[in-house]
2 protein chains.
Amino acid sequence: MAKEAGVSVTTVSRFLNNHPYITDSKKQAIEIAMEKLNYVQNSAATQLRSKKSNFIGVLVSRLSNPFFTSLVDKIEAEAKISGFQIIVLQSYDDKNAESRILKLLQQGVLAGIIMCSIESGPNDIEQYTEYGPIILCNIANSESKLPQVYSNQEQGTYDALTYLFNQGYRKFAYCTGGSLSRHSHGGARTRAFEKAINDYNLKINKNWIFYQSHTIEDGKYIGEKILKLNIKEWPDVIFSNSDEIAAGLLKTFSIHNIKVPEDIAIIGFDDQKYSELLSTPLTTIRQPIDALAMHSVNYLISLLKNEEYEFSAEDLQLELVIREST
Amino acid sequence: MAKEAGVSVTTVSRFLNNHPYITDSKKQAIEIAMEKLNYVQNSAATQLRSKKSNFIGVLVSRLSNPFFTSLVDKIEAEAKISGFQIIVLQSYDDKNAESRILKLLQQGVLAGIIMCSIESGPNDIEQYTEYGPIILCNIANSESKLPQVYSNQEQGTYDALTYLFNQGYRKFAYCTGGSLSRHSHGGARTRAFEKAINDYNLKINKNWIFYQSHTIEDGKYIGEKILKLNIKEWPDVIFSNSDEIAAGLLKTFSIHNIKVPEDIAIIGFDDQKYSELLSTPLTTIRQPIDALAMHSVNYLISLLKNEEYEFSAEDLQLELVIREST
DNA sequence: CTGAAAGCGCTAACAC
DNA sequence: GTGTTAGCGCTTTCAG
């Protein structure tokens with residue numbers, strides 16, 4: 001390639017990297033040769049030599065969760081603007097898979113990672129920052145020094161719970177994706193739940209708390225469990241940690257002719273695209289996906305350049321969307 | 001690292017690549033040194049030298065389409081089994097974006113590509129096979145010599161149309177993602193539609209054909225357009241090219257108090273997870289996602305190894321799922 | 001402004 | 001079984 005253009009490899013390299021100070025004549029010679037040889041830069045060589053990767057890893061637990069799909073979608077669009085390519089990585093809630101993914105940073109495959117899910121403790125993760133920046137996206141962890149972009153899940157959840165209380169609901173069931181002990185955003189929601197229960201003098205019932213719920217199937221199953229309770233022991237509203245859970249719940253109730261919200265009300269989380277289209281349009285809490293994606297990517301890129309990054313929590317507000325399920 | 005273990009780099013390389021014939025003592029020495037230095041292989045160097053990539057590109061038009069999400073999800077699981085990592089690439093229906101993605105093959109970033117969407121003509125794509133295998137997944141193109149894994153969309157669609165005819169429907173509206181001229185799977189469905197119209201002696205009405213429909217929003221809009229027709233001119237069933245379109249349609253009709261299927265019936269395509277949960281559970285055509293993913297990945301990997309790959313069309317049947325919207 | 005030369009970390013050929 | 005050597009395609013000094 002260099003010889004085709006009659007210049008040195010150095011000059012070609014400079015051309016490729018947009019260095020200033022190359023004669024127009026050489027530029028043109030290179031362009032012509034590139035065209036003629038159908039040349040493309042070998043990225044492995046570039047990466048090996050420059051020790052820089054063009055890839056940003058985006059870690060989610062599972063892509064089939066539509067919340068993550070939307071988030072990944074926005075992150076990819078944002079990364080592309082800055083010339084980065086994203087690699088979607090799924091951990092499937094598995095700690096070992098997560099470690100393997102983190103190793104991609106160390107291997108030099110990834111320039112940085114945006115973690116939208118987290119399995120290991122923050123310390124396990126922090127050790128990898130040696131190899132590149134790691135951003136926590138939509139995960140608030142006060143114990144960790146990792147850079148974090150998150151919405152105020154605690155406030156948003158509390159506000160929703162307050163709305164439900166004002167609507168007259170008193171028996172709150174609660175579904176969480178975690179185990180109530182984790183420090184993920186599940187934790188923030190749980191803190192809000194406990195606070196609301198306390199502030200509003202409500203009773204908590206062990207039969208109304210559901211752990212490790214993620215999918216539509218989990219929601220259906222939780223619905224079944226509730227219906228098996230003595231009818232006097234039914235909750236009057238169910239706070240679900242995702243619209244998928246809420247959708248599953250809705251399905252079970254509709255099969256059994258339980259009316260929503262009259263018999264039992266349901267509130268979801270995320271505001272999925274289909275949430276307004278369900279048999280009962282879902283009241284839910286919308287997450288600021290666009291802002292989450294935008295700030296995570298730009299924060300990461302700033303870190304890559306050793307620059308500061310500032311953003312306002314204003315952009316990251318949760319929003320209560322009231323429909324017919326409450 | 002080599003010197004830490006007291007062996008040559010060659011031996012380390014052999015160890016890493018699971019070559020036979022290394023003394024156990026050296027193996028152990030390497031393992032200990034690896035552990036001690038927290039060593040990981042640099043993938044750029046490996047790739048540069050061996051000219052092999054560990055990445056498989058998966059190209060879809062947009063990840064936010066849940067059909068593609070599920071497909072990508074399965075492809076990733078399947079690729080992982082064989083030790084490959086996938087890179088999700090979105091073309092957003094843009095030919096130029098597609099070319100840029102194809103270039104990743106030429107750059108050596110990707111070992112091969114699974115294309116689940118296609119924008120350019122087959123010829124434009126075939127030239128890239130010089131740099132690595134390209135599989136068309138869920139795209140049937142008889143003009144192209146590219147390896148293809150697809151279900152019989154024409155038969156599946158025709159069968160569904162036959163079912164609708166037998167149910168008594170006679171006025172068929174038709175939504176397509178393409179422009180009716182493309183050779184994508186849209187084409188196969190359209191051929192089936194035209195054949196059914198012909199075979200069953202039905203009338204075609206230009207006001208009942210809708211192009212370039214993809215999203216829930218598109219579906220809502222199409223619903224509005226239909227309702228604006230003189231009521232005598234309404235179709236009695238709408239064939240939609242995705243469950244998203246169908247969901248949008250459903251929404252518009254529910255707002256206007258149009259009963260489904262009594263006033264107008266709807267059939268979807270894909271069988272999304274939420275399709276049974278909508279205000280009217282959707283009759284739809286289920287695609288064989290698992291088989292599509294499995295065969296595409298394994299076909300690609302066989303090609304990478306210069307092996308033959310056989311699979312049976314039996315695995316790739318479309319399935320009519322009858323619910324309440326027809 | 002441009003080029004020569006060194007070398008990133010690894011694999012493959014060849015020798016022993 | 002194991003080591004020596006060359007070189008993948010690029011970027012980065014350092015000279016000029």
Side-chain angles (χ1 to χ4, degrees), chain A residues 1-34 36-55 83 85 103-111 130-132 304-305, chain B residues 1-34 36-55 83 85 103-111 130-132 304-305:
Chain A
M1 159 66 194
K3 96 176 88 157
E4 173 75 34
V7 300
S8 74
V9 286
T10 313
T11 308
V12 175
S13 173
R14 286 201 256 260
F15 173 81
L16 258 17
N17 294 286
N18 294 313
H19 274 245
Y21 315 132
I22 311 181
T23 349
D24 280 352
S25 69
K26 302 226 169 191
K27 267 191 193 163
Q28 285 187 352
I30 293 173
E31 272 164 358
I32 291 166
M34 271 183 68
K36 183 171 171 197
L37 301 178
N38 199 6
Y39 168 89
V40 289
Q41 198 173 5
N42 178 305
S43 65
T46 308
Q47 196 178 312
L48 174 59
R49 187 58 236 243
S50 68
K51 301 203 166 297
K52 275 182 201 145
S53 160
N54 194 33
F55 288 114
Q85 167 78 50
K103 283 231 164 61
L104 292 174
L105 241 197
Q106 190 180 356
Q107 283 180 51
V109 176
L110 305 174
E130 175 185 346
Y131 309 106
L304 249 15
K305 300 188 200 157
Chain B
M1 157 66 195
K3 96 175 91 161
E4 172 75 34
V7 299
S8 75
V9 287
T10 312
T11 309
V12 175
S13 173
R14 286 202 255 261
F15 174 81
L16 258 17
N17 293 287
N18 294 312
H19 274 246
Y21 313 131
I22 311 180
T23 350
D24 281 353
S25 68
K26 302 226 168 188
K27 268 191 193 164
Q28 286 187 353
I30 293 174
E31 274 164 357
I32 291 166
M34 271 183 66
K36 183 171 168 197
L37 301 178
N38 200 7
Y39 168 88
V40 288
Q41 196 173 4
N42 179 306
S43 66
T46 308
Q47 196 178 313
L48 174 60
R49 187 58 236 240
S50 69
K51 304 209 165 291
K52 275 183 200 142
S53 160
N54 194 33
F55 289 114
Q85 168 77 51
K103 282 233 165 59
L104 293 172
L105 241 197
Q106 190 181 358
Q107 283 180 51
V109 176
L110 305 174
E130 174 186 347
Y131 309 107
L304 249 16
K305 300 187 199 159

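Since the structure is predicted, the reported quantities are computational estimates derived from the model, not experimental observations. Chain letters run A, B, ... following the sequence lines, proteins first and then strands; every chain starts at 1. FYI, side chains are in, hydrogens and waters are out, and symmetry mates aren't considered; it's all heavy atoms of this structure.
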Inset, instruction - Identify, with sequence neighbours excluded, every residue that meets side chain to side chain donor-acceptor pair (under 3.5 Å) alongside A:Lys36. - result: A:Glu4
Inset, instruction - Mind checking side chain to side chain donor-acceptor pair (under 3.5 Å) for A:Gln85 and listing every partner two or more places apart, or none if nothing turns up? - result: none
Legend entry - Rounded distance in Å - CG (A:Asn54) to P (D:dT11): 12 Å
Legend entry - salt bridge (Lys or Arg N to Asp or Glu O under 4.0 Å): pairs with one or both residues in residues 16-30 of chain B, sequence neighbours excluded: none
Inset, instruction - Spell out protein contact along nucleotides 9-14 of chain C as letters: B when the base is contacted, S when just the sugar-phosphate is, - when no protein heavy atom is under 4.0 Å; keep the 5' to 3' order. - result: BBBBB-
Side-chain donor-acceptor pairs under 3.5 Å in residues 5-13 of chain B, sequence neighbours left out?
unit_1 : atom_1 : unit_2  : atom_2 : d
B:Ser8 : OG     : B:Thr10 : N      : 3.3
B:Ser8 : OG     : B:Thr11 : N      : 3.2
B:Ser8 : OG     : B:Thr11 : OG1    : 3.1

Legend entry - Phosphate OP1/OP2 of D:dG1: any B:Lys27 side-chain N/O under 4.0 Å: no
Inset, instruction - Using a cut-off of strictly less than 4.0 Å, decide whether B:Thr11 has a side-chain nitrogen or oxygen near OP1 or OP2 of D:dG1. - result: no
Inset, instruction - Please identify each residue that fulfils side chain to side chain contact (heavy atoms under 4.5 Å, CB included) with B:Gln106, with sequence neighbours left out. - result: A:Asn38, A:Val40, B:Lys103, B:Tyr128, B:Tyr131
